[in-house]
Participant: 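Before I ask anything, here is the structure I am working with.
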Protein chains: 2
Amino acid sequence: MAAPRARTRIQARNSEVILDAALDVFSQYGFRGATLDQIAERAGLSKPNLLYYFPSKEAMHVTLLSGLLDTWLDPLRALDPEGEPVEEILAYVRRKLEMSRLYPRESRLFANEILQGAPRILDMIEQDLKALVDEKAALIRGWSAAGRLADIDPYHLMFSIWATTQHYADFDIQVHRVLGQSGDAPYDEAERFLSHLYRAALAPPGPGAR
Amino acid sequence: MAAPRARTRIQARNSEVILDAALDVFSQYGFRGATLDQIAERAGLSKPNLLYYFPSKEAMHVTLLSGLLDTWLDPLRALDPEGEPVEEILAYVRRKLEMSRLYPRESRLFANEILQGAPRILDMIEQDLKALVDEKAALIRGWSAAGRLADIDPYHLMFSIWATTQHYADFDIQVHRVLGQSGDAPYDEAERFLSHLYRAALAPPGPGAR
DNA sequence: CCTGCCGCTGACCAATTGGTCAAACATTCA
DNA sequence: TGAATGTTTGACCAATTGGTCAGCGGCAGG
């Protein structure tokens with residue numbers, strides 16, 4: 001998911017191995033709780049070797065985070081002003097849920113960063129994220145005003161979509177234990193549930209609503 | 001919120017001061033990322049003094065967590081089988097949102113623990129939490145079967161309620177930055193939004209639905 | 001006023017932390 | 001093949017970590 005700079009084959013491979021291991025550890029323990037020894041062990045490399053590829057622990061963390069927010073927002077960017085409002089938002093929910101299913105570690109890395117006060121991505125949140133959200137919020141408000149969507153707060157709609165979809169990645173242990181299931185089964189159920197939830201809440205108050 | 005054992009006045013006061021400081025630090029950095037020095041500084045006590053009241057860092061964490069899950073489930077326990085289904089669930093959402101507003105640190109402590117794999121509360125989740133959720137899920141299914149509630153998966157309904165309400169505590173930095181607001185204002189908007197969301201999704205398919 | 005316990009602390013400890021470095025080893029390419 | 005370049009590591013370092021301990025102060029009850 002992250003694409004490190006690399007000049008040689010070995011650099012490309014090892015940078016990736018390191019970032020993958022770092023993602024494992026950072027996403028579980030957060031930046032402060034992670035140790036280079038843990039990352040080194042999981043990467044199958046020596047600690048000094050990690051520091052041959054990255055100048056510091058923080059550099060690994062920044063590398064992981066910097067690419068993340070961008071990828072994370074792709075599903076929202078894809079919200080199409082030309083599409084049918086309810087279906088567009090439902091498709092967004094599905095894309096977001098798919099992100100949680102495919103990239104749970106990235107979701108947890110992000111959650112950990114926010115929980116710790118977002119020290120390294122506060123700027124990005126206030127700039128890029130806010131700008132995109134404002135844009136899409138205006139779009140959704142337009143849909144509502146045109147009667148093509150229920151009259152709903154677009155910001156809190158997005159918060160709820162983020163919360164419900166990321167929940168399956170961030171709290172997956174709880175989800176699996178409560179359901180007594182394992183694997184990806186919860187995601188299929190979640191998709192059906194969330195489709196119902198948002199379809200019902202977003203349906204426009206048609207002139208002669210059935 | 002937590003009630004430490006205490007024999008003398010000083011013990012009662014200092015135990016509470018320590019747990020309050022520990023909650024600050026643990027909820028932000030997680031168990032591994034938290035340090036006794038941080039807790040000591042925030043509590044205004046010396047590090048050895050902390051360890052006079054608690055035998056170890058882990059003991060503080062366990063003390064905080066042990067009381068937490070119980071309190072955390074109170075809103076769900078209060079779901080009344082005798083009540084009107086839709087209003088009962090909406091009241092549950094409001095209680096849960098109120099918990100996030102009043103106890104955001106506790107919410108984050110819990111989130112951190114789950115993110116790290118719930119090493120200290122997995123048992124509680126599989127026992128107490130699962131039992132309560134199963135019970136209430138059966139109740140909700142009954143309501144649906146009786147046509148008093150939409151036919152909806154009760155487990156994922158609860159997941160979505162947890163996710164959306166706790167989001168305002170766990171991701172509050174993001175929420176505030178995106179909204180460009182501060183203080184409790186988001187909570188009032190959230191209550192209106194979530195009421196609409198769940199009312200729409202839970203409304204039973206009445207025989208002659210209006 | 002003295003005795004005894006509770007509360008508190010400075011000094012200390014071993015283990016772990018992120019990070020350095022010189023030297024050894026491997027690869028590439030002329 | 002050999003020199004230059006790229007890769008790896010053991011040994012090491014200072015700082016920080018969670019935790020110990022002997023002793024000191026202060027308050028309470030006799």
Side-chain angles (χ1 to χ4, degrees), chain A residues 3-66 109 112-113 116 119-120, chain B residues 3-66 109 112-113 116 119-120:
Chain A
R5 69 281 135 74
R7 278 169 273 280
T8 77
R9 299 284 166 66
I10 294 181
Q11 268 177 31
R13 189 176 53 80
N14 280 352
S15 293
E16 199 147 341
V17 166
I18 291 170
L19 286 177
D20 190 74
L23 180 55
D24 274 355
V25 179
F26 284 138
S27 66
Q28 187 170 359
Y29 298 106
F31 179 74
R32 297 206 25 181
T35 73
L36 288 180
D37 294 277
Q38 277 180 297
I39 298 172
E41 189 184 1
R42 218 172 282 220
L45 298 172
S46 69
K47 187 168 64 170
N49 207 1
L50 296 195
L51 295 163
Y52 172 74
Y53 290 98
F54 293 89
S56 67
K57 176 185 173 184
E58 181 156 4
M60 299 175 203
H61 197 237
V62 167
T63 302
L64 285 172
L65 279 177
S66 64
L109 180 73
N112 249 312
E113 181 67 8
Q116 303 194 5
R120 282 162 246 270
Chain B
R5 70 280 137 73
R7 278 170 274 279
T8 77
R9 298 281 168 67
I10 295 180
Q11 268 178 32
R13 190 176 53 82
N14 279 352
S15 293
E16 199 147 340
V17 166
I18 290 170
L19 285 178
D20 191 74
L23 180 56
D24 274 354
V25 179
F26 283 137
S27 67
Q28 187 170 358
Y29 297 107
F31 180 73
R32 298 207 23 180
T35 72
L36 288 180
D37 293 277
Q38 277 180 297
I39 298 172
E41 190 183 1
R42 218 172 283 219
L45 298 172
S46 69
K47 187 168 65 169
N49 205 6
L50 297 194
L51 295 164
Y52 172 74
Y53 290 99
F54 293 89
S56 68
K57 177 186 174 184
E58 181 158 2
M60 298 176 204
H61 197 236
V62 167
T63 301
L64 285 172
L65 278 178
S66 64
L109 180 73
N112 250 311
E113 181 67 8
Q116 303 196 3
R120 283 161 246 271

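Hydrogens, waters and symmetry mates play no part in the numbers below; they use all other heavy atoms, side chains included. By convention in this document, chain letters (A, B, ...) are assigned in the order of the sequence lines, proteins followed by strands, and residues within each chain are numbered from 1. Keep in mind it's a predicted model, so treat the numbers as computed, not measured.
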Participant: Taking the side chain as every heavy atom from C-beta outward, state whether B/T35 and B/Y29 have any pair of such atoms under 4.5 Å apart.
Facilitator: no

Participant: As a test of reading the structure: which of D/dT8, C/dG7, D/dG19 is closest to the side chain of B/Y53, going by heavy atoms?
Facilitator: C/dG7

Participant: How long is the span from the CG atom in B/L23 to the CD atom in B/E16, to the nearest 0.5 Å?
Facilitator: 11.5 Å

Participant: Atom CD1 of A/I18 and atom CD of A/Q11: how far apart are they, to the nearest 0.5 Å?
Facilitator: 10.0 Å

Participant: Rounding to an integer number of Å, can you tell me how far A/I18 CD1 sits from D/dT8 C1'?
Facilitator: 12 Å

Participant: Please give me the minimum heavy-atom distance between B/A40 and B/S46, naming the atom from each residue.
Facilitator: CB-C, 4.1 Å

Participant: Do B/Y53 and B/M60 have side-chain heavy atoms sitting under 4.5 Å apart?
Facilitator: no

Participant: Short of 4.0 Å, heavy atom to strand atom, which residues of residues 38-51 of chain A count as contacting DNA chain C?
Facilitator: A/K47, A/P48, A/L51

Participant: Would you please confirm or rule out a distance under 4.0 Å between OP1 or OP2 of D/dT7 and any side-chain N or O of A/Y52?
Facilitator: yes

Participant: Rounded to whole Å, please give me the gap between CD in B/E58 and C1' in D/dG18.
Facilitator: 12 Å

Participant: Which heavy atom of A/Q28 sits nearest to which heavy atom of B/Q116, and what is that distance?
Facilitator: O-CG, 3.1 Å

Participant: Rounded to whole Å, please give me the gap between CG in A/D37 and P in C/dA15.
Facilitator: 15 Å

Participant: Between A/F26 and A/L64, which heavy-atom pair has the shortest distance, and what is it?
Facilitator: CD1-CD1, 3.7 Å

Participant: Roughly, in whole Å, what's the span from OH in A/Y29 to C1' in C/dG18?
Facilitator: 18 Å

Participant: Give the minimum heavy-atom separation between A/L109 and A/S27, together with the two atoms involved.
Facilitator: N-CB, 3.7 Å

Participant: Angle, rounded to 10°, between the helical axes spanning five pairs at each terminus of the helix from C/dC1-D/dG30 to C/dA30-D/dT1?
Facilitator: 10°

Participant: With a 4.0 Å cutoff (strictly under), does any side-chain N or O of B/Q11 reach OP1 or OP2 of C/dC6?
Facilitator: no

Participant: Expressed as a whole number of angstroms, how long is the span from B/L36:CG to D/dG18:C1'?
Facilitator: 6 Å

Participant: Specify the closest pair of heavy atoms between B/H61 and B/E113, including all atoms of both residues, with the distance to one decimal.
Facilitator: CE1-OE1, 3.2 Å

Participant: Could you run through nucleotides 25-30 of chain C and give me one letter per nucleotide, 5' to 3': B if any protein heavy atom sits under 4.0 Å from the base, S if only the sugar-phosphate is that close, - if neither?
Facilitator: ------

Participant: Closest heavy-atom contact between B/S66 and B/T63?
Facilitator: OG-O, 3.1 Å

Participant: Which residue is it: A/D37, A/D20, A/D24? I am looking for the one with a salt bridge (charged side-chain N to carboxylate O under 4.0 Å, His left out) to A/R42.
Facilitator: A/D24

Participant: Counting the atoms with a prime plus P, OP1 and OP2 as sugar-phosphate, which does B/A59 contact under 4.0 Å by heavy atoms, base, sugar-phosphate, or nothing?
Facilitator: nothing

